[in-house]
Amino acid sequence: MGSKEKNSSLKVQTRKQGASGVRKLALTTGTMALAGGMGASLATVGLAHRLVSQLTRPVAYNIFDNYKFTPYEFQADFEEVQFPTVGGRLLSGWFLPRPGERRVIVASSGHGGRKEDMLGIGVDLWRNHFNVLLFDYRGYGGLVSKGDLQTLGHRELQDYLAAVSYVRGRVDGAIVGAVGASMGAAVAIVATARDPEIRAVWADSSFATQHEVISDNFSSLTHLPAWPIIDVSERLFEWRTGHRYRHFEPVAEIGHIAPRPVYLLHGGKDSVVPVKHAHKLYEAASGPKELWIDPDVEHCGIYFANRQEYWQRIVEFFNAHLTPDAVLASSEQSQPEALAAK
């Protein structure tokens, strides 16, 4: 074979090898991209699954919880009570009675919390002559059953309304006020919006929307963008609980509370529920409203930083608004709007 033919053959072979190399490179790159995409997708689903598991996992008592404070340690009269919620499921609570008194406060804790968390506020209200009910939601406290889940507001709202129903049956002519901390504050707001016979609500460190607070916490803890993990987790949350994040939005319901009063309080350095949530809720409230921001405290920190002032304000608030006259005026104005919100 001549040199020209050899050179020609070599060029053809080189072109074939080059084309083959390009195809192999393309195939390898595509495979890696696909694997990377699948890996990213699996990572997204994995993070979303972990998030939902943490949100919904029930919180049962352990052996150390048998050694806990009760109203007894605060020298308050109380009864251990049980009452039914949706489906006949029993909830447990402490009822602090004031015989002959119509005013009654229903107080609820935050996500993963228990009735013990509300003892300070509850006992102080009892000492100021209010009946008080502290209780545990399904999936919290001493009566956790198979299938119980935390839902960051959805099922907890059902339980809160069941607690309100219980005190109405317990206290003749009950004049009901709502108190909540963190998630419990969000639940108290929505419960008050949907039940026109709750006369006033005290909401400490509430979130404005469930979707936003979950996104805020995810980004803060992981330093990752919330999308698409939060959207994927919402689908998993719906599959597990039957609810979606966007179906629980106190900011969309707080306007229906008017003309009944709302008292909002929040820490300016809150890293769990950023203070922007309080401002959104305050702007959306359309009736009598107050906002107490302490710029230097963390989540639910106003109580611990300002106990005496906290007690004074909450007692004054309910003394002013849980009266027969206030009940009559509120009932005449709020019933049609609140019912329409259901």
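In this text the structure is predicted, and so the values were computed from the model without any measurement.
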[X] side, atom [atom1]; [Y] side, atom [atom2] - distance, nearest 0.5 Å:
X    : Y    : atom1 : atom2 : result
N217 : S271 : CG    : OG    : 8.0 Å
H299 : D204 : NE2   : CG    : 8.0 Å
I314 : E316 : CD1   : CD    : 11.5 Å
F78  : T70  : CZ    : OG1   : 4.0 Å
T192 : L161 : OG1   : CG    : 9.0 Å

Can [X] and [Y] be counted as an ion pair, charged N to O under 4.0 angstrom?
X    : Y    : result
K269 : E298 : no
E156 : R138 : no
R170 : E79  : yes
E116 : R114 : no

Quiz item: Does S182 use its side chain to pair, donor to acceptor, with the backbone of G110 at less than 3.5 Å?
Solution: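 No, the answer is negative, given that no donor and acceptor are paired below the 3.5 Å cut-off.
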Quiz prompt | Which residues share a salt bridge (charged side-chain N to carboxylate O under 4.0 Å, His left out) with R246, sequence neighbours left out | solution =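 For R246, the residues satisfying salt bridge (charged side-chain N to carboxylate O under 4.0 Å, His left out) (neighbours in sequence not counted) are D231, E234.
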Exercise. Would you please name every residue forming a salt bridge (charged side-chain N to carboxylate O under 4.0 Å, His left out) with K276, sequence neighbours left out?
Key: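 Scan of K276 (salt bridge (charged side-chain N to carboxylate O under 4.0 Å, His left out), adjacent residues dropped) gives E212, D216.
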Quiz item: Any chain of hydrophobic side-chain contacts (each under 4.5 Å) joining I214 to W239?
Solution: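 No, no single cluster joins them.
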Quiz item: Same hydrophobic cluster for F304 and L125, using side-chain heavy-atom links shorter than 4.5 Å among ILVMFWY?
Solution: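 F304 and L125: one cluster.
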[Y] and [X] side chains, donor-acceptor separation under 3.5 Å:
X    : Y    : result
Y310 : D124 : no
S215 : Y245 : no
Q308 : Q312 : no
R103 : N319 : yes

Between [X] and [Y], which heavy-atom pair has the shortest distance, and what is it?
X    : Y    : answer
G122 : L134 : CA-CD2, 4.3 Å
L281 : S206 : CD1-OG, 3.7 Å
A186 : F207 : CB-CZ, 3.7 Å

Quiz prompt | Option from H243, H111, H154 for which ring-ring contact (aromatic ring centres under 6.0 Å, His included) with F248 holds | solution =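 Result: among H243, H111, H154, H154 is the only option passing the ring-ring contact (aromatic ring centres under 6.0 Å, His included) with F248.
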Quiz item: Going by the angle between their ring planes, with limits at 30° and 60°, are W202 and F318 parallel, tilted or perpendicular?
Solution: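 The rings of W202 and F318 sit tilted, inter-plane angle from 30° to 60°.
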Self-check item: Evaluation steps, salt bridge (charged side-chain N to carboxylate O under 4.0 Å, His left out), between D195 and R260
Solution: CA-CA 11 Å; D195 186 336; R260 295 165 292 160; 5.9 Å; no
Self-check item: Pair Y137 and F135, ring centroids less than 6.0 Å apart
Solution: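 So the answer is yes for these two rings.
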Exercise. Using side chain to side chain contact (heavy atoms under 4.5 Å, CB included) as the criterion, list what pairs up with E283, not counting sequence neighbours.
Key: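 Once residues adjacent in sequence are excluded, E283 has no partner under the side chain to side chain contact (heavy atoms under 4.5 Å, CB included) criterion.
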